[in-house]
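For this chain, numbers begin at 1 and follow the sequence in order.
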Amino acid sequence: MSDSHMDWTLLGSDLTSLILSHLPIPSIIRASAVCKLWRSIVSAPSFSNLLSSSPHHHPWFFLLGQNNIFLKNNQSFAFDPDSNLWLSLPPSLLFPPPHYPNNSLIGSNGLVLSATSSSRFLFSPILSNSWHLTSPLRFSRSNPLVGVFSDRSGSTKFIVVGGVRFIGGLVDIEDRLAVEIYTPDLDAWELCPPLPVDFRSGNSSQWLCSALHKGKFYVFGIYSCFISAFHLTKHFWTEVETLRPPGVSFSFLIACRDQLVLAGLCNTPRGPSLNLWRIDEETMEFSEIAVMPQDLLYKLFDGDGDDKFASLKCVGLGNLIYVFNEEYHKSYPACVCEINGETAKCSWRRIPHLPKPVNQFHKVISFCSTIPLANILPIGEEQIEA
């Protein structure tokens with residue numbers, strides 16, 4: 001048998017599965033269309049389990065553009081760091097059905113959630129287009145923080161923290177800063193101890209960010225630098241502390257594998273810089289692990305105004321942290337930092353531009369998440385444009 005006509009069936013399904021598992025996801029999608037054998041291999045639950053445990057695959061970075069006037073201008077993009085490609089996805093897979101009002105869109109841990117009103121959510125596994133409507137919250141609110149987690153039994157739940165409550169069109173200044181946990185299997189909300197009052201002056205996702213880490217839901221003030229954690233099994237809040245490294249203007253808390261990382265914009269004698277710190281979750285002490293190369297930071301922004309970095313945003317998961325400009329400038333340019341788990345060294349690079357055309361949006365939603373292969377394969381190569 002010549003090398004050019006190798007019979008792949010001689011390798012056996014186990015070895016073929018191992019070889020295919022080293023490919024980036026877009027290549028696996030293409031491989032699944034080669035023959036029935038490969039399709040059956042990549043469609044098997046065992047192959048998905050192999051991918052999820054593989055160090056060769058990283059979470060995707062999602063960027064969703066929302067147009068509040070023309071729904072047809074909504075766009076959905078996902079960046080696969082393993083293939084270094086942006087994928088243009090059908091918006092219908094990530095945005096709720098058009099007959100539901102969409103007040104806010106959130107992605108977390110394999111789910112995409114949409115607040116259809118101030119009291120209900122729609123949720124669906126990412127890319128599955130299988131939407132479910134929750135029962136009403138006990139306390140309605142807008143723009144809360146949301147996190148998706150699994151309890152000790154493995155059941156998926158999500159926590160809703162803070163948000164702004166309106167009464168007669170005005171902000172409720174006596175809002176109790178409610179915290180509720182939703183159990184999809186029961187379609188029921190559980191009321192939990194409220195968010196500490198220290199966060200009252202800025203208790204929505206506009207002023208706060210969050211991170212799920214080791215059974216705790218951390219809430220962090222982007223500008224105030226207040227931090228507290230909610231214990232997801234014992235249901236209590238830790239004491240509020242201030243986490244502000246020297247010179248920080250604003251910052252974002254990110255859960256990266258086995259550590260918490262703070263990404264912050266600093267004012268230094270040499271000009272603005274984007275720094276990363278490792279956070280000790282027990283003592284809240286911080287140690288610097290990386291500084292973004294200044295030329296990469298400045299390529300994300302134009303102009304010389306004092307507020308030109310105001311649209312900087314950071315998200316991350318696993319060992320990757322993305323830094324990007326969430327305004328339209330240059331079609332939302334971004335960089336990524338990879339933290340080496342063994343050496344703790346950080347490497348920075350720009351990622352490609354979004355595939356054109358890119359519309360202008362009223363709001364940009366960004367998050368990182370792992371995606372089960374079973375949710376990707378039904379889309380098919382023809383619906384994913386690289």
Side-chain angles (χ1 to χ4, degrees), residues 59 61-64 66 94-96 100-128 130-151 155-165 175-196 199 202-213 215-222 227-232 235 237 252-255 313-317 363-371:
F61 169 43
F62 288 85
L63 195 151
L64 314 182
Q66 180 176 323
L94 288 159
F95 286 89
Y100 283 104
N102 176 23
N103 292 340
S104 62
L105 200 62
I106 306 157
S108 174
N109 201 18
L111 286 184
V112 61
L113 306 100
S114 172
T116 63
S117 67
S118 59
S119 62
R120 288 178 182 263
F121 280 89
L122 272 174
F123 65 95
S124 170
I126 293 176
L127 302 184
S128 76
S130 176
W131 295 93
H132 305 274
L133 185 65
T134 70
S135 56
L137 289 153
R138 296 192 185 187
F139 291 90
S140 61
R141 77 291 297 274
S142 297
N143 297 321
L145 297 175
V146 179
V148 178
F149 65 98
S150 297
D151 64 13
S155 298
T156 297
K157 297 185 176 183
F158 60 83
I159 182 171
V160 178
V161 175
V164 179
R165 179 178 169 86
D175 182 10
R176 60 173 290 149
L177 308 177
V179 174
E180 300 183 49
I181 292 179
Y182 180 75
T183 303
D185 293 343
L186 303 176
D187 188 26
W189 293 94
E190 177 184 3
L191 193 62
C192 300
L195 186 66
F199 295 97
N203 61 339
S204 75
S205 57
Q206 181 179 356
W207 305 98
L208 303 176
C209 64
S210 60
L212 280 162
H213 182 65
K216 296 178 181 178
F217 185 76
Y218 286 83
V219 173
F220 179 75
I222 296 171
I227 187 170
S228 181
F230 182 77
H231 200 293
L232 292 169
H235 289 193
W237 287 95
F252 303 90
L253 188 68
I254 301 166
K313 184 77 177 289
C314 299
V315 297
L317 189 64
K363 185 176 183 181
V364 172
I365 301 97
S366 56
F367 59 91
C368 294
S369 181
T370 54
I371 311 296

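- Using a 4.5 Å heavy-atom cutoff, the side chains of Val161 and Pro144 are not in contact.
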Exercise. Would Phe217 and Leu232 count as a side-chain contact (heavy atoms from CB on, under 4.5 Å) if you check the C-alpha gap in whole Å, the side-chain angles of each, and the deciding distance to 0.1 Å?
Worked result: CA-CA 7 Å; Phe217 185 76; Leu232 292 169; 4.1 Å; yes

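- One distance of note links CZ of Phe367 with OG of Ser108; it measures 9.0 Å at 0.5 Å rounding.
- Contact annotation: the side chain of Val364 never approaches that of Lys313 to less than 4.5 Å [non-hydrogen atoms, C-beta and beyond].
- Partner Phe123 forms a side chain to side chain contact (heavy atoms under 4.5 Å, CB included) with one of Thr134, Val112, Ile106 and no other, that one being Thr134.
- The shortest non-hydrogen separation linking Leu317 to Ser369 is CD2-CA, 3.9 Å.
- Inter-residue side-chain proximity for Val160 and Phe158 is flagged as met; some heavy-atom pair is nearer than 4.5 Å.
- The minimum heavy-atom distance between Ala211 and Ile254, with the atom names listed, is CB-C, 4.3 Å.
- Side-chain atoms of Trp237 do not come within 3.5 Å of backbone N or O of Ser228 as any donor-acceptor pair.
- Between Phe121 and Tyr182, the distance from one ring center to the other does not fall under 6.0 angstrom.
- Atom OG of Ser210 is separated from atom CG of Leu145 by 4.5 Å, given to the nearest 0.5 angstrom.
- Across all their heavy atoms, Val148 and Leu212 have their closest contact at O-CD1, 3.0 Å.
- Ser135 contributes a side-chain N or O that, together with a main-chain N or O of Asp187, makes up a donor-acceptor pair within less than 3.5 Å.
- Between Arg120 and Leu133, the closest side-chain pair of non-hydrogen atoms falls below 4.5 Å.
- Heavy atoms from other residues, nucleotides or ligands lying under 6.0 Å from CH2 of Trp207 number 12 at most.
- Under the 3.5 Å distance criterion, the side-chain polar atoms of Glu180 are matched with a main-chain donor or acceptor of Arg138.
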Exercise. What's the verdict on side-chain contact (heavy atoms from CB on, under 4.5 Å) for Asp151 and Thr183, showing C-alpha distance, side-chain angles and the deciding distance?
Worked result: CA-CA 10 Å; Asp151 64 13; Thr183 303; over 6 Å; no

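- Counting only heavy atoms from C-beta outward, the side chains of Phe230 and His235 approach each other to under 4.5 Å.
- Heavy atoms only, all atoms of each residue included: Ser155 and Asp185 are closest at OG-OD2, 3.8 Å.
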